[in-house]
Structures are given as structure tokens and as C-alpha cells.
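One structure below.
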Amino acid sequence: MDLSLLFPLLILLLFIPIFLSGRRQRRQVAETQKLQAALDAGDVVITTSGLRATVVDASYEDTLDLEIADGVVTTWLRAAIREKVNPVVDEAIVVDEAETPVTAPVEPVEPVDKAPSLDKAPSLDKAPSLEKDDSANGSSRN
């Protein structure tokens, strides 16, 4: 094999993955921009910071009003929206009553009071002395 063909072939092999990843990134950016432009009131979204909110007003060109809690509405840039959350329909599995397992009733457990009793008066004894003795380890006298 001729060495003069090796260098252009090596450069070509290096640029193919870069070209393909650039196309993939452009496609993802286009999809994100399409999603951000299609947002409407009532949509549940997640921001780039991870905040889950409901779109209240999407009439502005660059911003959205998001309700992050009951009665708390904040204004965000459209570019801050990462994804739209599809509301999951709760499909409860209906189980026949005959198929439900029978469990034994659980007796309630009485709580154990770990707090000190207030019936007892505090001790008036003198606290142990914290003076050091002359022993080698320097422990307190008790």
C-alpha cells in the first residue's frame, strides 16, 4: 500500500464520526426547539434545572409562565424547558374480590413512651466532681 494514500484515509476516518455526531446534535436541537415552540397552557414540563411545573400562559414569544406550586406562578425562558411530561393515566388493575389474599388482622401496638417521667422530681444531689486527680491517666474523681 502506498503511504501517500494512508494520510488522507486516516483524516477521513477521523472526520466521519465528528460529522455524524454533529448531525445527531443538530437533530436533537431542532426537536427541542420544536417542542418548546409547541407548548400550550396545561402542559406539564420539566425545566433544565429539574423543576416540574405546569404551563399556565404560553402566549409570549420567549417566555412561559409556569405554576410550580398551588398559586405560585413564575416566568421562565422557553429555552429552559427540557422536556414535556406525558401524564400517565392510572390504569388500576381490577382484581376480583375472590382472588384477593386474606390477611390476618393486625393488632395495634401501644407506643412506648421514651420521654422521662415528669412525676419524679429532679435530683438535688451534687453533680460528680470534675476535678482532676493526681493519677497518671488524669481521669476525673468520681
Side-chain angles (χ1 to χ4, degrees), residues 1-120 122-123 125-142:
M1 183 169 183
D2 190 15
L3 290 177
S4 62
L5 292 176
L6 184 62
F7 184 68
L9 184 61
L10 183 63
I11 290 180
L12 183 65
L13 288 175
L14 291 175
F15 280 110
I16 288 175
I18 294 171
F19 176 74
L20 293 177
S21 68
R23 285 183 52 199
R24 182 174 53 236
Q25 286 176 349
R26 279 192 299 273
R27 188 176 339 118
Q28 288 176 345
V29 168
E31 288 175 6
T32 304
Q33 288 174 346
K34 182 179 175 184
L35 165 84
Q36 291 167 350
L39 290 174
D40 199 14
D43 291 340
V44 179
V45 295
I46 296 179
T47 65
T48 54
S49 60
L51 181 74
R52 184 178 175 142
T54 304
V55 178
V56 176
D57 185 13
S59 62
Y60 304 111
E61 184 177 328
D62 293 333
T63 61
L64 295 167
D65 288 340
L66 300 179
E67 184 176 27
I68 58 176
D70 291 337
V72 180
V73 178
T74 58
T75 303
W76 291 70
L77 290 175
R78 282 188 186 261
I81 305 302
R82 182 178 67 200
E83 64 184 271
K84 182 177 173 182
V85 177
N86 293 332
V88 177
V89 178
D90 292 332
E91 297 177 7
I93 299 174
V94 179
V95 179
D96 293 334
E97 290 181 14
E99 294 180 12
T100 58
V102 178
T103 58
V106 178
E107 295 180 18
V109 178
E110 294 180 21
V112 178
D113 187 21
K114 300 236 180 205
S117 174
L118 298 177
D119 297 338
K120 297 179 185 176
S123 173
D125 293 338
K126 186 176 177 184
S129 174
L130 297 176
E131 297 176 20
K132 290 190 177 183
D133 64 359
D134 296 329
S135 65
N137 62 5
S139 62
S140 62
R141 295 183 201 170
N142 288 336

> Roughly how far apart are R82 CZ and I46 CD1, rounded to 0.5 Å?
Replying inline: 5.5 Å
> Rounded to the nearest 0.5 Å, how far apart are CD1 of I11 and CD1 of I16?
Replying inline: 12.5 Å
> Pairs in or reaching into residues 54-75: which pass side-chain hydrogen bond (donor to acceptor under 3.5 Å, both in side chains), with residues at least two apart or in two chains?
Replying inline: D57-S59, D65-T75, T74-W76
> What pair of heavy atoms forms the shortest contact from A41 to A58, and how long is it?
Replying inline: N-CB, 4.5 Å
> If you look at every heavy atom in A79 and T48, which pair is closest and at what distance?
Replying inline: O-CG2, 4.2 Å
>> Working note: L66 + I81, criterion side-chain contact (heavy atoms from CB on, under 4.5 Å); need CA distance, chi angles, decisive distance, verdict.
In response: CA-CA 10 Å; L66 300 179; I81 305 302; 4.0 Å; yes
> Going from CG on L20 to CD on Q25, what distance comes out if it is rounded to the nearest 0.5 angstrom?
Replying inline: 11.5 Å
> Which salt bridge (charged side-chain N to carboxylate O under 4.0 Å, His left out) pairs, counting each pair once, include a residue from residues 28-43, with sequence neighbours left out?
Replying inline: D43-K84
> Taking atom CZ of R78 and atom CG of L35, what is their separation to the nearest 0.5 Å?
Replying inline: 10.0 Å
